[in-house]
Amino acid sequence: MYALVDCNSFFASCEQVFRPDLRGQPVVVLSNNDGCIVARSKEAKQLGIPDLQPYFKISDQLRQAGVHVFSSNYELYGDLSTRVMDTLKAFSPNIEVYSIDESFLDMSGHALKTLPELGRAMRDTIYRHVRLPVGVGMGATKTLAKLANHIAKKSNKCHYVCVIDRLEQWHKVFAKIPVHHVWGIGSRLSGRLADQRIYSVLDLIQQDPERMKKHYSVNVSRTITELQGIPCYGLDETPEPKKQIISTRSFGVKVFNCLALEQSVSQYASRACEKLRKEQQRVKTMMVFASSSRFDANYYTRSVIVPLSMPTNDSRVICSLARKAVRECIYKSGVPFARAGVGLIELYAESPEQLDAFTARQDERSQELMKLVDHINQTCGRVFIASQGIDPYWKMQRNLKSPAYTTRWPDLPIVKV
DNA sequence: TCTGGGGTCCTAGGACCC
DNA sequence: TCTGGGGTCCTAGGACCC
(Lines give C-alpha, C1' and ligand atoms only; values in the text may rest on other atoms or scores of the structure.)
Protein backbone atom coordinates (compact mmCIF):
# COMPACT_ATOMS: atom_id res chain seq x y z
CA MET A 1 0.00 0.00 0.00
CA TYR A 2 1.01 3.58 -0.71
CA ALA A 3 0.02 6.70 1.19
CA LEU A 4 -0.19 10.16 -0.35
CA VAL A 5 -0.04 12.94 2.22
CA ASP A 6 -0.79 16.40 0.94
CA CYS A 7 -1.17 19.73 2.75
CA ASN A 8 -4.52 21.45 2.41
CA SER A 9 -4.35 24.81 0.58
CA PHE A 10 -0.64 24.69 1.38
CA PHE A 11 0.52 28.29 0.81
CA ALA A 12 -2.60 29.75 2.41
CA SER A 13 -2.26 27.43 5.41
CA CYS A 14 1.40 28.45 5.82
CA GLU A 15 0.32 32.08 6.10
CA GLN A 16 -2.02 31.08 8.94
CA VAL A 17 0.63 29.23 10.98
CA PHE A 18 2.03 32.39 12.60
CA ARG A 19 -1.22 34.30 12.24
CA PRO A 20 -3.72 32.24 14.22
CA ASP A 21 -6.10 35.19 13.97
CA LEU A 22 -6.46 34.29 10.28
CA ARG A 23 -7.55 30.67 10.83
CA GLY A 24 -11.09 30.23 9.67
CA GLN A 25 -10.76 33.40 7.59
CA PRO A 26 -10.63 33.70 3.79
CA VAL A 27 -6.94 33.86 2.77
CA VAL A 28 -5.39 33.85 -0.71
CA VAL A 29 -1.77 33.77 -1.88
CA LEU A 30 -0.55 35.32 -5.12
CA SER A 31 2.00 34.06 -7.63
CA ASN A 32 5.28 35.88 -8.22
CA ASN A 33 4.97 39.54 -9.11
CA ASP A 34 1.57 39.49 -7.39
CA GLY A 35 0.17 38.13 -10.66
CA CYS A 36 -2.43 35.42 -10.11
CA ILE A 37 -4.16 33.69 -7.23
CA VAL A 38 -2.40 30.36 -6.67
CA ALA A 39 -3.72 29.28 -3.28
CA ARG A 40 -7.01 29.78 -1.46
CA SER A 41 -8.07 28.79 2.04
CA LYS A 42 -11.26 26.77 2.36
CA GLU A 43 -13.15 29.92 3.31
CA ALA A 44 -11.85 31.74 0.22
CA LYS A 45 -12.94 28.84 -1.98
CA GLN A 46 -16.38 28.99 -0.39
CA LEU A 47 -16.63 32.66 -1.40
CA GLY A 48 -16.34 31.46 -4.99
CA ILE A 49 -12.93 32.96 -5.67
CA PRO A 50 -11.53 31.14 -8.71
CA ASP A 51 -8.02 29.62 -8.87
CA LEU A 52 -5.37 31.16 -11.16
CA GLN A 53 -7.36 34.37 -11.57
CA PRO A 54 -5.30 37.52 -12.29
CA TYR A 55 -5.19 39.52 -9.07
CA PHE A 56 -5.77 42.93 -10.63
CA LYS A 57 -9.09 41.75 -12.05
CA ILE A 58 -10.57 40.82 -8.69
CA SER A 59 -8.66 42.85 -6.14
CA ASP A 60 -11.71 45.07 -5.50
CA GLN A 61 -13.93 42.05 -5.01
CA LEU A 62 -11.39 40.56 -2.58
CA ARG A 63 -11.22 43.76 -0.56
CA GLN A 64 -14.98 44.01 -0.30
CA ALA A 65 -15.25 40.40 0.81
CA GLY A 66 -12.62 40.96 3.50
CA VAL A 67 -10.19 38.43 2.05
CA HIS A 68 -6.63 38.51 3.41
CA VAL A 69 -4.18 38.63 0.50
CA PHE A 70 -0.49 37.65 0.59
CA SER A 71 2.38 37.76 -1.88
CA SER A 72 4.16 34.42 -2.18
CA ASN A 73 6.79 33.79 0.50
CA TYR A 74 8.80 30.80 -0.66
CA GLU A 75 11.31 31.04 2.18
CA LEU A 76 8.49 30.33 4.60
CA TYR A 77 6.78 27.64 2.51
CA GLY A 78 10.06 25.82 1.82
CA ASP A 79 11.00 25.73 5.47
CA LEU A 80 7.57 24.57 6.68
CA SER A 81 7.57 21.94 3.93
CA THR A 82 10.83 20.51 5.27
CA ARG A 83 9.29 20.27 8.74
CA VAL A 84 6.24 18.42 7.43
CA MET A 85 8.39 15.95 5.50
CA ASP A 86 10.66 15.36 8.49
CA THR A 87 7.62 14.59 10.63
CA LEU A 88 6.35 12.12 8.02
CA LYS A 89 9.63 10.21 8.00
CA ALA A 90 8.71 8.81 11.41
CA PHE A 91 5.83 6.92 9.77
CA SER A 92 7.76 5.14 7.04
CA PRO A 93 11.42 4.78 6.20
CA ASN A 94 10.53 4.82 2.50
CA ILE A 95 9.25 8.19 1.43
CA GLU A 96 9.23 10.09 -1.85
CA VAL A 97 8.93 13.86 -1.52
CA TYR A 98 6.86 14.51 -4.62
CA SER A 99 6.39 18.27 -4.43
CA ILE A 100 6.64 21.12 -1.94
CA ASP A 101 3.42 20.02 -0.27
CA GLU A 102 3.04 16.29 -0.84
CA SER A 103 4.79 12.97 -0.30
CA PHE A 104 4.24 9.32 -1.14
CA LEU A 105 4.99 6.81 1.61
CA ASP A 106 5.46 3.06 1.34
CA MET A 107 3.02 1.55 3.84
CA SER A 108 3.77 -2.11 3.18
CA GLY A 109 4.37 -4.00 6.40
CA HIS A 110 1.36 -2.46 8.13
CA ALA A 111 -1.78 -4.54 8.57
CA LEU A 112 -4.56 -3.27 6.34
CA LYS A 113 -6.97 -2.61 9.18
CA THR A 114 -4.47 -0.40 11.04
CA LEU A 115 -4.09 1.97 8.09
CA PRO A 116 -6.99 4.36 8.79
CA GLU A 117 -5.73 4.83 12.32
CA LEU A 118 -2.21 5.40 11.04
CA GLY A 119 -3.53 8.01 8.62
CA ARG A 120 -5.22 9.86 11.45
CA ALA A 121 -2.02 9.70 13.48
CA MET A 122 -0.07 11.30 10.61
CA ARG A 123 -2.59 14.06 10.37
CA ASP A 124 -2.64 14.73 14.12
CA THR A 125 1.14 14.63 14.49
CA ILE A 126 1.76 17.01 11.62
CA TYR A 127 -0.76 19.45 13.02
CA ARG A 128 0.82 19.21 16.47
CA HIS A 129 4.37 19.70 15.12
CA VAL A 130 3.87 22.25 12.35
CA ARG A 131 0.26 23.51 12.66
CA LEU A 132 -0.50 22.55 9.07
CA PRO A 133 -3.61 20.54 8.09
CA VAL A 134 -3.11 17.60 5.71
CA GLY A 135 -5.17 15.01 3.87
CA VAL A 136 -4.11 11.36 3.74
CA GLY A 137 -5.05 8.92 0.99
CA MET A 138 -3.98 5.29 0.74
CA GLY A 139 -4.27 2.68 -1.98
CA ALA A 140 -2.53 -0.23 -3.63
CA THR A 141 -0.94 2.04 -6.27
CA LYS A 142 0.21 5.63 -6.36
CA THR A 143 -2.69 6.57 -8.62
CA LEU A 144 -5.17 5.02 -6.16
CA ALA A 145 -3.47 6.77 -3.23
CA LYS A 146 -3.85 10.08 -5.10
CA LEU A 147 -7.51 9.32 -5.75
CA ALA A 148 -8.04 8.36 -2.10
CA ASN A 149 -6.47 11.67 -1.11
CA HIS A 150 -8.94 13.49 -3.35
CA ILE A 151 -11.84 11.65 -1.71
CA ALA A 152 -10.39 12.32 1.75
CA LYS A 153 -10.58 16.05 1.16
CA LYS A 154 -13.97 16.14 -0.60
CA SER A 155 -16.04 13.76 1.43
CA ASN A 156 -17.45 14.90 4.76
CA LYS A 157 -17.50 11.33 6.02
CA CYS A 158 -13.75 10.88 5.67
CA HIS A 159 -12.39 13.62 7.92
CA TYR A 160 -9.35 13.95 5.65
CA VAL A 161 -8.30 10.29 5.80
CA CYS A 162 -9.34 7.74 3.18
CA VAL A 163 -8.11 4.19 2.50
CA ILE A 164 -9.12 2.45 -0.74
CA ASP A 165 -8.80 -1.25 -0.03
CA ARG A 166 -11.39 -3.46 -1.75
CA LEU A 167 -11.87 -1.80 -5.13
CA GLU A 168 -15.35 -3.21 -5.91
CA GLN A 169 -16.76 -1.48 -2.85
CA TRP A 170 -15.78 1.90 -4.28
CA HIS A 171 -17.51 1.72 -7.65
CA LYS A 172 -20.45 3.82 -6.49
CA VAL A 173 -18.08 6.57 -5.36
CA PHE A 174 -15.93 6.31 -8.49
CA ALA A 175 -19.01 6.78 -10.67
CA LYS A 176 -19.48 10.25 -9.18
CA ILE A 177 -15.91 11.50 -9.66
CA PRO A 178 -15.16 13.19 -13.01
CA VAL A 179 -12.26 11.58 -14.82
CA HIS A 180 -10.08 14.71 -14.83
CA HIS A 181 -9.51 14.27 -11.08
CA VAL A 182 -7.40 11.21 -11.85
CA TRP A 183 -3.63 11.78 -11.62
CA GLY A 184 -2.30 11.96 -15.18
CA ILE A 185 -5.62 12.87 -16.85
CA GLY A 186 -5.59 16.57 -17.69
CA SER A 187 -8.02 18.79 -19.54
CA ARG A 188 -7.04 17.68 -23.06
CA LEU A 189 -7.26 13.99 -22.33
CA SER A 190 -10.54 14.31 -20.45
CA GLY A 191 -11.95 16.12 -23.49
CA ARG A 192 -10.91 13.29 -25.79
CA LEU A 193 -12.17 10.70 -23.31
CA ALA A 194 -15.56 12.43 -23.18
CA ASP A 195 -15.87 11.90 -26.95
CA GLN A 196 -15.75 8.19 -26.19
CA ARG A 197 -18.31 8.57 -23.41
CA ILE A 198 -15.75 8.09 -20.68
CA TYR A 199 -16.73 10.64 -18.05
CA SER A 200 -16.14 9.18 -14.60
CA VAL A 201 -13.38 7.33 -12.81
CA LEU A 202 -15.59 4.26 -13.00
CA ASP A 203 -15.87 4.60 -16.80
CA LEU A 204 -12.09 4.80 -17.05
CA ILE A 205 -11.33 1.91 -14.70
CA GLN A 206 -13.46 -0.40 -16.87
CA GLN A 207 -11.41 0.20 -20.03
CA ASP A 208 -8.92 -2.27 -21.41
CA PRO A 209 -5.41 -0.82 -20.94
CA GLU A 210 -4.01 -2.42 -24.11
CA ARG A 211 -6.77 -1.05 -26.29
CA MET A 212 -6.45 2.42 -24.74
CA LYS A 213 -2.71 2.35 -25.33
CA LYS A 214 -3.37 2.27 -29.08
CA HIS A 215 -5.93 5.08 -28.97
CA TYR A 216 -4.10 7.31 -26.51
CA SER A 217 -0.66 6.64 -25.09
CA VAL A 218 1.31 4.34 -22.87
CA ASN A 219 0.72 6.76 -19.99
CA VAL A 220 -3.06 6.46 -20.22
CA SER A 221 -2.79 2.69 -20.26
CA ARG A 222 -0.55 2.79 -17.19
CA THR A 223 -2.99 5.08 -15.40
CA ILE A 224 -5.83 2.62 -16.05
CA THR A 225 -3.72 -0.33 -14.92
CA GLU A 226 -2.87 1.53 -11.72
CA LEU A 227 -6.56 2.33 -11.13
CA GLN A 228 -7.24 -1.39 -11.43
CA GLY A 229 -4.85 -1.94 -8.55
CA ILE A 230 -1.76 -3.12 -10.45
CA PRO A 231 1.27 -0.90 -9.79
CA CYS A 232 3.17 0.60 -12.72
CA TYR A 233 5.03 3.25 -10.74
CA GLY A 234 7.28 2.64 -7.75
CA LEU A 235 8.58 4.96 -5.09
CA ASP A 236 11.34 7.35 -6.21
CA GLU A 237 13.22 7.85 -2.98
CA THR A 238 16.42 9.31 -4.38
CA PRO A 239 15.58 12.02 -6.87
CA GLU A 240 17.33 11.77 -10.22
CA PRO A 241 19.71 14.61 -11.02
CA LYS A 242 17.96 17.46 -12.81
CA LYS A 243 17.98 17.42 -16.59
CA GLN A 244 17.56 21.14 -16.92
CA ILE A 245 17.53 24.20 -14.68
CA ILE A 246 15.49 27.25 -15.60
CA SER A 247 15.40 30.62 -13.91
CA THR A 248 12.92 33.20 -15.14
CA ARG A 249 10.85 36.06 -13.74
CA SER A 250 8.43 38.70 -14.85
CA PHE A 251 9.50 42.27 -14.21
CA GLY A 252 7.74 44.59 -11.78
CA VAL A 253 7.67 47.26 -14.51
CA LYS A 254 8.30 47.15 -18.25
CA VAL A 255 11.95 47.31 -19.27
CA PHE A 256 12.98 49.32 -22.34
CA ASN A 257 16.66 49.59 -21.55
CA CYS A 258 19.31 47.14 -22.75
CA LEU A 259 21.51 47.44 -19.68
CA ALA A 260 18.56 46.63 -17.40
CA LEU A 261 17.72 43.59 -19.50
CA GLU A 262 21.34 42.49 -19.23
CA GLN A 263 21.22 42.95 -15.46
CA SER A 264 18.15 40.77 -15.23
CA VAL A 265 19.59 37.84 -17.22
CA SER A 266 22.79 38.23 -15.25
CA GLN A 267 20.77 37.74 -12.09
CA TYR A 268 18.81 34.77 -13.43
CA ALA A 269 21.99 33.18 -14.79
CA SER A 270 23.62 33.60 -11.43
CA ARG A 271 20.67 32.02 -9.63
CA ALA A 272 20.63 29.13 -12.11
CA CYS A 273 24.36 28.57 -11.55
CA GLU A 274 23.84 28.36 -7.80
CA LYS A 275 21.26 25.64 -8.34
CA LEU A 276 23.62 23.95 -10.80
CA ARG A 277 26.47 23.82 -8.28
CA LYS A 278 24.13 22.60 -5.56
CA GLU A 279 23.22 19.75 -7.92
CA GLN A 280 26.93 19.13 -8.52
CA GLN A 281 26.54 19.52 -12.23
CA ARG A 282 28.00 21.55 -15.07
CA VAL A 283 26.33 23.04 -18.12
CA LYS A 284 27.35 22.63 -21.75
CA THR A 285 24.46 24.41 -23.49
CA MET A 286 22.43 27.36 -22.28
CA MET A 287 19.34 29.15 -23.53
CA VAL A 288 18.67 32.85 -22.97
CA PHE A 289 15.25 34.35 -23.62
CA ALA A 290 13.21 37.51 -23.14
CA SER A 291 9.81 38.67 -24.28
CA SER A 292 7.19 41.37 -24.04
CA SER A 293 3.87 40.60 -22.36
CA ARG A 294 1.99 37.61 -23.77
CA PHE A 295 -1.09 39.81 -23.73
CA ASP A 296 0.50 42.43 -25.97
CA ALA A 297 -0.87 42.90 -29.47
CA ASN A 298 2.74 43.04 -30.74
CA TYR A 299 4.05 40.10 -28.75
CA TYR A 300 7.82 40.02 -29.14
CA THR A 301 9.83 37.01 -27.99
CA ARG A 302 13.37 35.88 -28.68
CA SER A 303 15.42 32.98 -27.47
CA VAL A 304 19.01 32.08 -28.23
CA ILE A 305 20.84 28.81 -27.76
CA VAL A 306 24.34 29.46 -26.46
CA PRO A 307 26.83 26.56 -26.62
CA LEU A 308 29.68 26.76 -24.12
CA SER A 309 33.19 25.82 -25.13
CA MET A 310 33.40 23.47 -22.14
CA PRO A 311 31.11 22.25 -19.38
CA THR A 312 31.25 24.78 -16.54
CA ASN A 313 29.44 26.03 -13.46
CA ASP A 314 31.35 29.29 -13.16
CA SER A 315 28.80 32.10 -12.74
CA ARG A 316 31.18 34.63 -14.30
CA VAL A 317 31.39 32.72 -17.59
CA ILE A 318 27.65 32.04 -17.78
CA CYS A 319 26.63 35.59 -16.82
CA SER A 320 28.88 37.22 -19.33
CA LEU A 321 27.72 34.97 -22.18
CA ALA A 322 24.08 35.50 -21.21
CA ARG A 323 24.53 39.27 -21.34
CA LYS A 324 26.26 39.02 -24.69
CA ALA A 325 23.31 37.04 -26.06
CA VAL A 326 20.94 39.76 -24.85
CA ARG A 327 23.02 42.55 -26.42
CA GLU A 328 23.57 40.87 -29.74
CA CYS A 329 20.50 38.72 -30.39
CA ILE A 330 17.59 39.56 -28.10
CA TYR A 331 17.35 43.24 -27.20
CA LYS A 332 15.37 45.43 -29.54
CA SER A 333 14.90 49.12 -28.97
CA GLY A 334 11.31 50.17 -28.26
CA VAL A 335 10.12 46.75 -27.09
CA PRO A 336 8.48 46.80 -23.62
CA PHE A 337 10.14 43.71 -22.15
CA ALA A 338 8.01 42.02 -19.49
CA ARG A 339 10.12 38.98 -18.64
CA ALA A 340 13.45 37.30 -19.24
CA GLY A 341 15.16 34.10 -18.27
CA VAL A 342 18.03 31.68 -18.55
CA GLY A 343 17.78 27.93 -19.06
CA LEU A 344 20.66 25.56 -18.48
CA ILE A 345 19.61 22.78 -20.79
CA GLU A 346 22.46 20.33 -21.32
CA LEU A 347 23.91 19.25 -18.00
CA TYR A 348 26.73 16.94 -17.01
CA ALA A 349 27.65 15.57 -13.60
CA GLU A 350 30.77 17.10 -12.04
CA SER A 351 32.04 13.63 -11.42
CA PRO A 352 32.86 11.40 -13.07
CA GLU A 353 34.14 14.08 -15.36
CA GLN A 354 33.63 13.33 -19.03
CA LEU A 355 36.34 14.79 -21.19
CA ASP A 356 37.47 14.35 -24.71
CA ALA A 357 40.84 15.02 -26.27
CA PHE A 358 39.90 18.47 -27.56
CA THR A 359 37.84 19.97 -24.74
CA ALA A 360 39.43 22.13 -22.10
CA ARG A 361 38.31 21.71 -18.48
CA GLN A 362 37.17 24.19 -15.90
CA ASP A 363 40.28 25.15 -13.98
CA GLU A 364 40.82 24.53 -10.27
CA ARG A 365 40.86 28.20 -9.32
CA SER A 366 37.44 28.79 -10.83
CA GLN A 367 36.04 25.83 -8.88
CA GLU A 368 37.61 27.01 -5.64
CA LEU A 369 36.24 30.50 -6.15
CA MET A 370 32.69 29.30 -6.77
CA LYS A 371 32.88 27.08 -3.70
CA LEU A 372 33.97 30.05 -1.61
CA VAL A 373 31.23 32.32 -2.99
CA ASP A 374 28.56 29.70 -2.22
CA HIS A 375 29.95 29.22 1.25
CA ILE A 376 29.89 32.94 2.03
CA ASN A 377 26.37 33.32 0.66
CA GLN A 378 25.10 30.38 2.71
CA THR A 379 26.63 31.51 5.96
CA CYS A 380 27.15 35.18 6.42
CA GLY A 381 26.81 37.51 3.52
CA ARG A 382 26.10 38.22 -0.05
CA VAL A 383 28.64 38.06 -2.85
CA PHE A 384 27.34 38.69 -6.34
CA ILE A 385 28.47 39.64 -9.79
CA ALA A 386 28.48 43.37 -10.42
CA SER A 387 26.57 43.03 -13.69
CA GLN A 388 23.52 41.88 -11.68
CA GLY A 389 23.10 45.44 -10.44
CA ILE A 390 21.98 46.61 -7.00
CA ASP A 391 18.31 46.92 -6.07
CA PRO A 392 17.15 47.19 -9.70
CA TYR A 393 14.04 49.18 -10.54
CA TRP A 394 12.54 46.28 -12.54
CA LYS A 395 12.49 43.71 -9.72
CA MET A 396 9.28 41.84 -9.16
CA GLN A 397 6.52 43.18 -6.99
CA ARG A 398 5.77 41.46 -3.75
CA ASN A 399 3.96 44.14 -1.88
CA LEU A 400 2.01 41.89 0.46
CA LYS A 401 4.71 39.50 1.67
CA SER A 402 4.62 38.15 5.21
CA PRO A 403 7.83 37.93 7.29
CA ALA A 404 10.24 35.00 6.91
CA TYR A 405 9.17 33.89 10.39
CA THR A 406 11.37 30.80 10.56
CA THR A 407 14.43 31.63 8.48
CA ARG A 408 15.54 35.21 9.36
CA TRP A 409 16.48 36.39 12.81
CA PRO A 410 14.87 39.85 12.51
CA ASP A 411 11.60 38.20 11.41
CA LEU A 412 11.39 35.81 14.36
CA PRO A 413 7.96 36.09 16.00
CA ILE A 414 7.92 37.46 19.55
CA VAL A 415 5.66 35.84 22.09
CA LYS A 416 4.32 38.23 24.71
CA VAL A 417 3.39 36.62 27.99
C1' DT B 1 -1.31 49.80 -15.17
C1' DC B 2 -1.77 44.98 -13.70
C1' DT B 3 -2.07 38.03 -16.31
C1' DG B 4 3.57 32.71 -12.29
C1' DG B 5 7.51 29.60 -12.37
C1' DG B 6 9.11 25.75 -12.44
C1' DG B 7 9.60 20.68 -14.18
C1' DT B 8 8.99 15.74 -16.75
C1' DC B 9 7.81 12.38 -20.27
C1' DC B 10 5.95 10.76 -24.75
C1' DT B 11 5.25 10.80 -29.74
C1' DA B 12 5.85 11.59 -34.52
C1' DG B 13 8.70 12.51 -38.11
C1' DG B 14 13.11 13.25 -40.26
C1' DA B 15 17.95 12.06 -40.88
C1' DC B 16 20.97 8.71 -40.98
C1' DC B 17 23.11 3.99 -40.48
C1' DC B 18 23.95 -0.90 -42.11
C1' DT C 1 4.02 -0.86 -62.91
C1' DC C 2 4.70 -1.86 -58.23
C1' DT C 3 8.27 0.08 -52.62
C1' DG C 4 13.64 -3.90 -48.26
C1' DG C 5 13.94 -4.05 -43.51
C1' DG C 6 15.46 -2.89 -39.18
C1' DG C 7 17.44 0.19 -36.20
C1' DT C 8 19.13 4.72 -33.54
C1' DC C 9 19.30 9.52 -32.57
C1' DC C 10 17.52 14.10 -32.56
C1' DT C 11 13.98 17.64 -32.34
C1' DA C 12 9.60 20.00 -31.94
C1' DG C 13 5.40 19.94 -30.09
C1' DG C 14 2.03 18.25 -26.98
C1' DA C 15 0.47 16.80 -22.63
C1' DC C 16 0.86 16.32 -17.96
C1' DC C 17 2.25 17.61 -12.97
C1' DC C 18 2.69 20.94 -8.83
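Residue numbering restarts at 1 for every chain, and letters A, B, ... go by the order of the sequence lines. Predicted model only: the values in this text are computed from it and were never measured.
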Output one line per pair: protein atom, nucleotide atom from nucleotides 13-15 of chain C, and distance, for all N/O pairs under 3.5 Å.
| from | atom 1 | to | atom 2 | distance (Å) |
| --- | --- | --- | --- | --- |
| C:dA15 | OP2 | A:R188 | NH1 | 2.6 |

Notebook entry, point to check: How long is the line joining NE2 of A:H180 and P of C:dC18, in whole Å?
Noted result: 12 Å
Notebook entry, point to check: Does atom NZ of A:K213 have more than 12 heavy-atom neighbours, drawn from other residues, nucleotides or ligands, at distances under 6.0 Å?
Noted result: no
Checklist line | Approximate separation, where rounding is to 0.5 Å, of A:Y160 OH and A:R120 CZ | finding: 15.5 Å
Item checked: Rounded distance (Å) that lies between atom C1' of C:dC17 and atom CZ of A:F104 -> 11 Å
Margin query: Could you write out DNA chain C as dot-bracket? Rules: Watson-Crick or G-U wobble, both distances under 3.5 Å, brackets [ ] for crossings, | for pairs with another strand, dot for unpaired.
Written below: ....||||||||||||||
Next item on the list: State, to 0.1 Å, how close A:E237 and A:P239 come at their nearest heavy-atom pair, and which atoms those are.
Entry: O-CD, 3.4 Å
Note to self: Between A:K146 and C:dC18, is there a contact of a side-chain N or O with OP1 or OP2 at under 4.0 Å?
What the structure shows: yes
Notebook entry, point to check: Does the A:S13 side chain pair with the main chain of A:N8, one donor and one acceptor, at a distance under 3.5 Å?
Noted result: yes
Next item on the list: Determine, stepwise, if the pair A:R192 / A:D195 fulfils salt bridge (Lys or Arg N to Asp or Glu O under 4.0 Å).
Entry: CA-CA 5 Å; A:R192 286 174 60 197; A:D195 294 341; over 6 Å; no
Margin query: Rounded to whole Å, how long is the line connecting atom OH of A:Y98 with atom P of C:dC16?
Written below: 13 Å
Check: Does A:N313 offer a backbone N or O that forms a donor-acceptor pair with the side chain of A:Q362 under 3.5 Å?
Finding: yes
Next item on the list: Mind checking A:V218 for me? I need base, sugar-phosphate or nothing, with any heavy atom below 4.0 Å counting as a touch.
Entry: sugar-phosphate
Note to self: How long is the straight-line distance from OG of A:S270 back to CZ of A:R316, given to the nearest 0.5 Å?
What the structure shows: 12.0 Å
Item checked: Protein proximity profile, nucleotides 1-9 of chain B - base contact B, sugar-phosphate-only contact S, no contact -, cut-off 4.0 Å on heavy atoms -> -BBBSSSBS
Notebook entry, point to check: Roughly, in whole Å, what's the span from CG in A:N149 to P in C:dC18?
Noted result: 10 Å
Notebook entry, point to check: Rounded to the nearest Å, what distance is computed from the OH atom of residue A:Y216 to the P atom of nucleotide B:dA12?
Noted result: 15 Å
